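Working notes for the structure below.
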Amino acid sequence: NEKMDCLFCKIIAGEIPSNKVYEDEYTYAFRDINPQAPVHVLLVPKKHMKNILECDAETAAHLTDAVRALAKIEHVDENGFRLLTNCGQHGCQSVHHLHLHLLGGKQLSEKMD
Ligand code: 5GP
Ligand code: ZN
């Protein structure tokens, strides 16, 4: 099934190594392998879902809590950061397990595409 072949499910399960930044009962966060900024962390729900369109309110709340914790851990809570999720073909989503990119640690571009 979808979940068995999912790269991020394997990372959450520890079957593929990752540089963990944060973990709680519902979420897992790790450094992007190809960072686009000094801080580039991927935050995922432990429960497999394809993208933001499949995200329930409870999971969204857990992700929000994790973002707050992560921002402190990565010291971007003062100067700010960008939080984004790619969805589907036009969004260039390449891994089909919902993930939020947290980007920061420098002045980011005003351009978002
Ligand atoms: P997307 O393009 O789906 O929004 O984001 C996928 C992200 O996952 C990319 O930024 C890519 O660099 C990252 N990525 C892909 N494979 C791996 C991996 O095996 N380990 C880690 N840490 N990041 C990965
Ligand atoms: Zn998955």
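Atoms within each ligand, like the ligands themselves, are counted from 1 in listed order. Please read these numbers as outputs of a predicted model, since none were measured by experiment.
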**Message:** Looking at every heavy atom in both N51 and Q93, which two are closest together, and how far apart are they?
**Reply:** CB-OE1, 3.6 Å
**Message:** With a heavy-atom distance limit of 4.0 Å, tell me whether I16 approaches ligand 1 through its side chain, its backbone, both, or neither.
**Reply:** neither
**Asked** With a cut-off of 4.0 Å, which atoms of ligand 1 are near a heavy atom of F8?
**Response** 8 (O)
**Prompt:** At what distance is the nearest protein heavy atom to atom 2 (O) of ligand 1, and which residue and atom is it?
**Reply:** S94 OG, 2.9 Å
**Item:** atom 22 (N) of ligand 1 [closest protein heavy-atom partner, distance rounded to 0.1 Å]
**Value:** R31 O, 2.9 Å
**Complete:** Angle subtended at the Zn ion (ligand 2) by C9 SG and C6 SG, to the nearest 10 degrees, is 120°
**Asked** Is the distance from the Zn ion (ligand 2) to the nearest N/O/S atom of H48 under 2.8 Å?
**Response** yes
**Request:** Please could you name the atoms of ligand 1 that F30 approaches to less than 4.0 Å, counting only its heavy atoms?
**Result:** 21 (C), 22 (N)
**Asked** What is the nearest protein non-hydrogen atom to atom 5 (O) of ligand 1, stated with its residue, atom name and distance?
**Response** H99 NE2, 3.0 Å
**Item:** Top protein contact for atom 9 (C) of ligand 1, by heavy-atom distance
**Value:** D32 OD2, 3.3 Å
**Complete:** The N/O/S atom of H97 lying closest to the Zn ion (ligand 2) is ND1
**Message:** Under 4.0 Å from a heavy atom of N34: which atoms of ligand 1 are those, numbered in the order shown and with their elements?
**Reply:** 12 (O)
**Item:** Polar proximity ligand 1 side, H101 side, N/O cut 3.5 Å exclusive
**Value:** yes
**Item:** K47/E54 salt bridge by N-O under 4.0 Å criterion
**Value:** no
**Request:** Give the residue, atom name and distance (to 0.1 Å) of the protein heavy atom nearest atom 23 (N) of ligand 1.
**Result:** I33 N, 3.3 Å
**Prompt:** Which heavy-atom pair separates C55 from A60 by the least distance, and what is that distance?
**Reply:** SG-N, 3.7 Å
**Message:** Return the closest protein heavy atom for atom 16 (N) of ligand 1 as residue, atom name and distance.
**Reply:** L7 CD2, 3.4 Å
**Prompt:** If you count the atoms of ligand 1 from 1 in the order shown, which ones are under 4.0 Å from a heavy atom of Q93?
**Reply:** 3 (O)
**Asked** So do K50 and L98 actually touch side chain to side chain, heavy atoms under 4.5 Å?
**Response** no
**Request:** Report the C-alpha separation of M112 and R82 in whole Å, then their side-chain angles, then the decisive distance to 0.1 Å, and conclude whether the side-chain contact (heavy atoms from CB on, under 4.5 Å) test is met.
**Result:** CA-CA 10 Å; M112 258 187 297; R82 180 167 292 152; 4.1 Å; yes
**Request:** May I ask you to decide whether E25 forms a salt bridge with K46, counting only side-chain N to carboxylate O separations under 4.0 Å?
**Result:** no
**Message:** Show the nearest heavy-atom pair for residues Y22 and A66, with the distance to one decimal.
**Reply:** CE2-CB, 3.7 Å
**Prompt:** What's the shortest heavy-atom distance between H96 and H48, and which atoms?
**Reply:** O-CE1, 3.4 Å
**Fill in**
The atoms of ligand 1 lying under 4.0 Å from a heavy atom of C92, numbered in the order shown, are 2 (O)
**Request:** Following the transitive rule for hydrophobic clusters with a side-chain heavy-atom cut-off under 4.5 Å over Ile, Leu, Val, Met, Phe, Trp and Tyr, establish whether L102 and L63 coincide in one cluster.
**Result:** yes
**Distance-minimising heavy-atom pair for I12 and H97** = CD1-CE1, 3.6 Å
